[in-house]
Protein chains: 2
Amino acid sequence: MSTDAFTVLAEPTRRRILDALRDADRSVGELVDGLGVSQPAVSKHLRVLREAGFVSCRTAARQRIYRLEPGPLRAVDGWLDPYRRLWTRHLDALQRHLDSQEQ
Amino acid sequence: MSTDAFTVLAEPTRRRILDALRDADRSVGELVDGLGVSQPAVSKHLRVLREAGFVSCRTAARQRIYRLEPGPLRAVDGWLDPYRRLWTRHLDALQRHLDSQEQ
DNA sequence: CAGACATATAACGGAGAAGGCATATTGGGT
DNA sequence: ACCCAATATGCCTTCTCCGTTATATGTCTG
């Protein structure tokens, strides 16, 4: 079953995979080099990322080229949206009052 | 020890706590009602959230009032930043070409 | 078509986290 | 000072997930 986006992102190795895919599409082998994890481990993470929609994959010769997809990251961005007022909104009087209350 | 922001957010109950704190500060008891989880469980999640900086807490009479803090969510927002070009940037010719390649 | 390369899956062991119950702690009211 | 309310912590069990080794699938190449 497909895992939810936050659980997927909780894994450091998976975030590093996403980072690596930000610059360019990569084959599994390319990802294995530079990640310092075994190939099966990488394949498993790629499966999780694929099933959650973070990446897609095309076949080129003997290799599988993975590619970053925007969908789930956009969703996280959207989830974050109602929280943005915490740091974007101007502090009004009430807000300042609450700030002064906390220790 | 303090857990990293993504791991903290991976827990659905913790996200619901953050949601509840978005509108107003809440005591532990208020959070327990409406979450449908035992009080010790909520206290444990609050501890995780506190140690990771997502919330702060002040003492009022016998209660502890928890409050949402912007820091870690901002950090997640920042992490997301280099990925935003995936969906904000205009598709150029190369991008369209790659799109047509994937199946 | 046989062998080699690239990737995926299986099986297993171990570590961490979540929830529940029981209990400790802290602060308040009388 | 006692008792009670509000919250925190300990302990235990269960379950999920990561990583490794071994093996299967698949696909070029000679």
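Residue numbers begin at 1 in each chain, while the letters A, B, ... track the order of the sequences.
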Over all strands shown, is [X] touching base, sugar-phosphate only, or nothing at heavy-atom distances under 4.0 angstrom?
{"X": "B:Ser38", "value": "sugar-phosphate"}
{"X": "A:Arg64", "value": "sugar-phosphate"}
{"X": "A:Val37", "value": "sugar-phosphate"}
{"X": "A:Gln39", "value": "base"}

Using whole Å, what does the distance between atom [atom2] of nucleotide [N] and atom [atom1] of [X] come to?
{"X": "B:Leu31", "N": "D:dT7", "atom1": "CG", "atom2": "C1'", "answer": "12 Å"}
{"X": "A:Leu46", "N": "D:dC18", "atom1": "CG", "atom2": "P", "answer": "13 Å"}
{"X": "B:Glu30", "N": "D:dA5", "atom1": "CD", "atom2": "P", "answer": "18 Å"}
{"X": "A:Phe6", "N": "C:dA17", "atom1": "CZ", "atom2": "P", "answer": "19 Å"}
{"X": "B:Arg58", "N": "C:dG27", "atom1": "CZ", "atom2": "P", "answer": "16 Å"}
{"X": "B:Ile65", "N": "C:dG27", "atom1": "CD1", "atom2": "P", "answer": "15 Å"}
{"X": "B:Arg16", "N": "C:dA18", "atom1": "CZ", "atom2": "C1'", "answer": "14 Å"}
{"X": "B:Arg47", "N": "C:dG19", "atom1": "CZ", "atom2": "C1'", "answer": "16 Å"}

Between [Y] and [X], is there a salt bridge with N-O shorter than 4.0 Å?
{"X": "A:Arg15", "Y": "B:Asp4", "result": "yes"}
{"X": "B:Asp19", "Y": "B:Arg14", "result": "no"}
{"X": "A:Arg47", "Y": "A:Glu51", "result": "yes"}

Between A:Lys44 and A:Gln63, the residue closer to the 5' end of DNA chain C by nearest nucleotide is A:Gln63
Sorted by position of nearest nucleotide on DNA chain C, 5' first, the leading residue of A:Arg62 and B:Thr13 is A:Arg62
With heavy-atom distances below 4.5 Å as the criterion, would you say the side chains of B:Ile17 and B:Arg26 are in contact? no
The residue, A:Pro40 or A:Glu11, whose nearest nucleotide of DNA chain D is more 5′ is A:Glu11
Taking for B:Arg50 and for A:Thr7 the nucleotide of DNA chain D with the nearest heavy atom, the one nearer the 5' end belongs to B:Arg50
With a 4.0 Å limit, can you tell me whether A:Tyr66 has a side-chain N or O closer than that to the phosphate oxygens OP1/OP2 of C:dA6?
no
Check your understanding: Counting only side-chain N and O atoms of B:His45, is one of them less than 4.0 Å from OP1 or OP2 of C:dA17?
Key -> no
Of the candidates C:dA18, C:dT7, D:dT9, the side chain of A:Val28 sits closest to C:dT7
(message) Given the ring of B:Tyr83, does A:Arg22 sit roughly above its face, with NZ or CZ under 6.0 Å from the centre of the six-membered ring and within 45° of the axis?
(response) yes
